[in-house]
Amino acid sequence: MGNLKIQASFTEETLTNYEPGTDTEITGTIKNTGTIPAFVKVANASQITFAYSDDKLTPVVAPQPEAVDPNVVKMSYASQSGDYEDNADVLWFVDAAGDRYLLMEAGAVLNIQINVTFDGPLTANQYMDAVIAVKANIQATQVIEGAIQSECGVNASTLESLPLITQAQNRLGRSAATPIPR
């Protein structure tokens, strides 16, 4: 029996007076230092501190950070090289909502780039003068029946490998249609 151990570090960025529709990026490294493969979800952990409580610009009396609306602060993930095939020990998957997941072999190291976009149409007056702390975190689990669903909230059988991964799987002698092991 092996052990599950994932280490991750990400840069963080704090933004004030940003322009809706603009973007930024943060980077990080994810390492599977355990002895078994791991299923990893990279999640948006950004927080926002509003200066106003509503679109009428009513000041917030005691501003407190809160989770951002993922429809306003959107994240997309890729290898820092921009090539999903650059690491044979990491396979990328996507769900119907466009969220990305990783299947990492034991010992795998991935340098990841996270592109962050602030959705202009959804940011109303309340977002003026807000402070956004852009952050990411991970969730990881063993690659076994039920664990992916219970820990990451996704049914592994509904995930699809990213198109470029199909080519990498074929080079590794794996079937492109092979689902994530459960």
Side-chain angles (χ1 to χ4, degrees), residues 3-16 18-48 67-120 131-143 148 151-154 156 158-174 176 178-181:
N3 68 345
L4 177 70
K5 187 174 181 183
I6 301 293
Q7 296 176 338
S9 63
F10 297 99
T11 59
E12 296 180 6
E13 187 166 341
T14 300
L15 306 167
T16 56
Y18 69 93
E19 293 286 329
T22 60
D23 57 11
T24 189
E25 71 179 37
I26 59 176
T27 58
T29 301
I30 303 171
K31 299 177 185 178
N32 183 350
T33 58
T35 59
I36 59 174
F39 181 82
V40 179
K41 176 182 181 179
V42 182
N44 186 345
S46 300
Q47 293 188 312
I48 188 166
V68 299
D69 178 343
N71 294 312
V72 173
V73 178
K74 298 178 181 181
M75 292 186 165
S76 62
Y77 315 94
S79 172
Q80 282 184 18
S81 71
D83 182 359
Y84 292 112
E85 298 180 319
D86 71 348
N87 190 331
D89 290 333
V90 178
L91 299 177
W92 291 77
F93 294 88
V94 64
D95 66 13
D99 292 327
R100 304 232 170 122
Y101 304 85
L102 309 168
L103 180 59
M104 299 181 73
E105 294 291 337
V109 177
L110 176 67
N111 294 315
I112 190 169
Q113 176 177 317
I114 303 171
N115 296 312
V116 184
T117 303
F118 306 100
D119 192 292
V131 176
I132 300 174
V134 178
K135 303 175 186 179
N137 68 14
I138 62 166
Q139 292 175 280
T141 188
Q142 298 179 50
V143 186
I148 294 171
E151 295 298 318
C152 296
V154 64
T158 64
L159 297 176
E160 294 190 27
S161 62
L162 288 174
L164 295 177
I165 298 304
T166 302
Q167 297 167 13
Q169 288 174 321
N170 287 338
R171 279 202 306 275
L172 294 171
R174 298 176 184 160
T178 302
I180 294 174

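Keep in mind that the numbers below use all heavy atoms, side chains included, and drop hydrogens, waters and symmetry copies.
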>> So L110 and W92, do their side chains get closer than 4.5 Å, heavy atoms only?
In response: yes
> Under a 4.5 Å cut-off applied to non-hydrogen side-chain atoms, are N111 and T27 in contact?
Replying inline: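 No, their side chains stay 4.5 Å or more apart.
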>> Rounded at 0.5 Å granularity, tell me how far CD1 in I112 sits from OG in S81.
In response: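 Rounded to the nearest 0.5 Å, the CD1-OG separation comes to 11.0 Å.
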> Looking at NZ of K41 and OG1 of T141, how far apart are the two atoms once the value is rounded to the nearest 0.5 Å?
Replying inline: 13.0 Å
Testing the basics here: between [X] and [Y], what is the closest heavy-atom pair and its distance to 0.1 Å?
X	Y	answer
I138	A8	CD1-CB, 3.7 Å
G28	Q80	O-NE2, 3.4 Å
M75	S46	CE-OG, 3.5 Å
I48	A67	CG2-O, 4.2 Å
I26	K135	CD1-C, 4.2 Å
V42	A136	CG1-CB, 4.4 Å

> Does the side-chain contact (heavy atoms from CB on, under 4.5 Å) test come out yes or no for I6 and I30, once each step is laid out?
Replying inline: CA-CA 7 Å; I6 301 293; I30 303 171; 3.9 Å; yes
Name the one of [options] that satisfies side-chain contact (heavy atoms from CB on, under 4.5 Å) with [X]?
X	options	answer
V116	D23, V134, N44	V134
E105	I36, L91, D89	D89
F93	V154, L102, L103	L103

> Is the number of heavy atoms from other residues, nucleotides or ligands within 6.0 Å of CD (E160) greater than 12?
Replying inline: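 At most 12 heavy atoms, drawn from other residues, nucleotides or ligands, come within 6.0 Å of this atom.
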> Are N87 and M104 close enough, and set up right, to give a side-chain contact (heavy atoms from CB on, under 4.5 Å), and what steps lead you there?
Replying inline: CA-CA 10 Å; N87 190 331; M104 299 181 73; over 6 Å; no
Does [X] reach the main-chain N or O of [Y] with its side chain, forming a donor-acceptor pair under 3.5 Å?
X	Y	value
D95	L159	no
Q139	E151	yes
T16	V131	no

> Can you list the residues that meet the salt bridge (Lys or Arg N to Asp or Glu O under 4.0 Å) rule with K74, with sequence neighbours excluded?
Replying inline: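 Partners of K74 under the salt bridge (Lys or Arg N to Asp or Glu O under 4.0 Å) test: D119.
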>> Set out, in order, the CA-CA distance, both residues' side-chain angles and the distance that settles side-chain contact (heavy atoms from CB on, under 4.5 Å) for L15 and F118, then state yes or no.
In response: CA-CA 11 Å; L15 306 167; F118 306 100; 3.0 Å; yes
